[in-house]
Colleague: 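Handing you a structure now.
The first residue of the sequence shown is numbered 1, and numbering continues consecutively from there.
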Amino acid sequence: MKRTPLVFIPGLFGSMSNVIVPGTGNWSFGIAGPVYDPFVHLLESMDYQRNVNLFISFYDWRLPVPFSAYNYLAPTIREAKQKTGSAKVNLVCHSMGGLVARAYVQSNYYQDDVDQLIILCTPNAGSPANYCYWTGNTLEHDSESPLNVVSLYMNKYLSYLISISAMNKLESIHVYFPSLLDLVPCKDYGDYLIVAGIDLMKVIPYRILQVKNVFLDKLNEHKEIISMRNIDVTLIAGIGRNTTQYLESVNDPLPNIRMEHAVWSAISSNAGDGNVMVSSVFVLDGDKYLIQGDHMEVLFRSESLLRKKLS
């Protein structure tokens, strides 16, 4: 039986080329290769063959998510259809890759060419740590919530960005890494900033924040379009790892949450994969599955489920 072609969309930092960092060569998984290369081998063990019926949609994760959907994912899907003669593809997406996929299937240029949308560990309502990165502020981790591999990649890239830019840290991030704003919490995440007072703590309502995720607010407002387009959705979330759920002020930022010099500490929960809360993944409707594991382990611990869904 001829298989529906598969397109894999990696997450943040999972695509690298000269376009992103000069001297890194043609498109590859870059520093994320130790994770994504074995995952591609896992997909190949399911009777897929790379560039035959398995395609990788690399993209410039620095740029806004809708840009990547139009300029990288859509052409990859066209290539997959042309090479296989299939009218539709299945999408397997990790982390930020799920947002790229959603930006495509919910767009007005969608070509009715996606059968299944399988999303692993995607922050469909955003993630609080990204608020700190976007605002140039400091996020303190306690011993129960140590830096994970994604946080290490983030800090490494931000250091690189600042080293090559004549701008200050905040300007560099906003100019050269605008997609970070697409990853901060949106309205569906709920209130997540807590300011400590003398006698009590105050939750800052999302509606008054200077930093809002307009991209995800709009995407989630019209999320029903996915089911209206008859796309079968599978949502896989990791659980059991300390994950930043709220941010608590350390140095009492101003009531309007100033953009500079704030220090936040992570209030964590084990209802996530170390990067993304389960509730953020499950904002969409679809078949929902929980897997014990961190943001990367979930890829491999989903093997039996992926085999079933893609059979």
Side-chain angles (χ1 to χ4, degrees), residues 9-33 58-72 95-97 99-100 103 123 126-141 145-186 189 192-193 204 206 209-217 244 247 249-251 253-254 256-266 275-276 295:
I9 315 170
L12 184 65
F13 307 119
S15 303
M16 186 56 65
S17 77
N18 290 323
V19 172
I20 299 175
V21 177
T24 54
N26 296 325
W27 286 105
S28 72
F29 292 126
I31 56 175
F58 296 112
Y59 60 96
D60 190 342
W61 38 261
R62 303 170 303 170
L63 301 178
V65 168
F67 179 92
S68 291
Y70 185 82
N71 291 281
Y72 291 96
S95 196
M96 186 181 188
L99 300 184
V100 176
S127 183
N130 295 309
Y131 171 87
C132 291
Y133 300 129
W134 176 254
T135 55
N137 293 324
T138 301
L139 176 60
E140 294 185 342
H141 293 265
S145 302
L147 284 172
N148 54 42
V149 66
V150 178
S151 300
L152 291 171
Y153 288 169
M154 179 69 77
N155 289 333
K156 184 175 182 179
Y157 180 71
L158 292 181
S159 296
Y160 163 78
L161 195 59
I162 295 164
S163 73
I164 64 169
S165 172
M167 303 176 186
N168 64 39
K169 180 180 181 181
L170 195 59
E171 290 172 335
S172 297
I173 292 169
H174 289 188
V175 171
Y176 295 108
F177 201 176
S179 65
L180 260 182
L181 185 58
D182 295 338
L183 301 175
V184 303
C186 68
Y189 187 93
Y192 63 97
L193 295 183
I204 307 299
Y206 177 80
L209 294 181
Q210 294 175 349
V211 176
K212 292 184 174 68
N213 192 331
V214 177
F215 161 68
L216 278 181
D217 282 342
T244 300
L247 299 174
S249 66
V250 172
N251 60 344
L254 298 174
N256 65 349
I257 311 301
R258 66 189 178 213
M259 293 286 287
E260 299 176 344
H261 311 305
V263 179
W264 300 90
S265 64
N275 284 96
V276 181
H295 199 63

Colleague: Write down the atom of A129, the atom of L139, and the distance for their closest heavy-atom approach.
Modeller: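 Reported closest heavy-atom pair: CB-CD2, 3.8 Å.
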Colleague: Going from CD1 on I20 to OH on Y59, what distance comes out if it is rounded to the nearest 0.5 angstrom?
Modeller: 9.0 Å
Colleague: I need the C132 SG to L247 CG distance, nearest 0.5 Å.
Modeller: 4.5 Å
Colleague: Do S17 and F58 come close enough that some side-chain heavy atom pair is under 4.5 Å?
Modeller: no
Colleague: Checking side chain to side chain contact (heavy atoms under 4.5 Å, CB included) for the pair S127/Y192: CA distance, chi angles, key distance, verdict?
Modeller: CA-CA 9 Å; S127 183; Y192 63 97; over 6 Å; no
Colleague: Could you pull out the closest heavy-atom pair between Y153 and A32, with the gap in Å?
Modeller: OH-CA, 4.2 Å
Colleague: Would you check if the distance from the ring center of F177 to the ring center of Y157 is below 6.0 Å?
Modeller: yes
Colleague: If you compare all heavy atoms of Y206 against all heavy atoms of V211, which two are closest, and at what distance to 0.1 Å?
Modeller: CE1-O, 4.4 Å
Colleague: Just how far is it from atom CG of L12 to atom NE2 of H295, taken to the nearest 0.5 Å?
Modeller: 8.5 Å
Colleague: What distance do Y189 atom OH and L216 atom CG have between them, rounded to the nearest 0.5 Å?
Modeller: 13.0 Å
Colleague: Give, for atom OH of Y133 and atom CG of L183, the distance between the pair rounded to the nearest 0.5 Å.
Modeller: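 Here the rounded value is 11.5 Å.
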Colleague: Please give me the minimum heavy-atom distance between A103 and A69, naming the atom from each residue.
Modeller: CB-CB, 3.7 Å
Colleague: Given 3.5 Å as the limit, does a donor-acceptor pair link the side chain of N213 with the main chain of V184, or not?
Modeller: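 Checked: pair present.
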Colleague: Would you say the side-chain atoms of W61 pair up with the backbone N or O of S15, donor to acceptor, closer than 3.5 Å?
Modeller: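 Such a contact is found between W61 side chain and S15 backbone.
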Colleague: Which heavy atom of P185 sits nearest to which heavy atom of Y131, and what is that distance?
Modeller: CD-CB, 4.5 Å
Colleague: Backbone N or O of V65 within a donor-acceptor pair of the D182 side chain at under 3.5 Å?
Modeller: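 Yes, because the side chain of D182 sits within donor-acceptor range (under 3.5 Å) of the backbone of V65.
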Colleague: Passes side chain to side chain contact (heavy atoms under 4.5 Å, CB included), K156 versus F13? Steps please.
Modeller: CA-CA 11 Å; K156 184 175 182 179; F13 307 119; over 6 Å; no
Colleague: Strictly distance-based, threshold 3.5 Å: is any side-chain N or O of S179 a donor or acceptor partner for the main-chain N or O of P64?
Modeller: no
Colleague: Checking S165 side chain against I162 main chain: does a donor-acceptor pair fall under 3.5 Å?
Modeller: no
Colleague: Hey, does the side chain of S28 reach the backbone of G33 with a donor-acceptor pair shorter than 3.5 angstrom?
Modeller: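 No, because the side chain of S28 does not come within donor-acceptor range (under 3.5 Å) of the backbone of G33.
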Colleague: H174 vs W134 aromatic rings, parallel, tilted or perpendicular, using cut-offs 30° and 60°?
Modeller: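 Correct class here is parallel.
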Colleague: So how far is it from L161 CG to M154 CE, rounded to the nearest 0.5 Å?
Modeller: 11.0 Å
Colleague: Measure across V175 and M167 and return the closest heavy-atom pair with its distance rounded to 0.1 Å.
Modeller: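 Residues V175 and M167, closest heavy atoms: CG2-SD, 3.8 Å.
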Colleague: Show your working on side chain to side chain contact (heavy atoms under 4.5 Å, CB included) between D60 and N71 and close with a plain yes or no.
Modeller: CA-CA 9 Å; D60 190 342; N71 291 281; over 6 Å; no
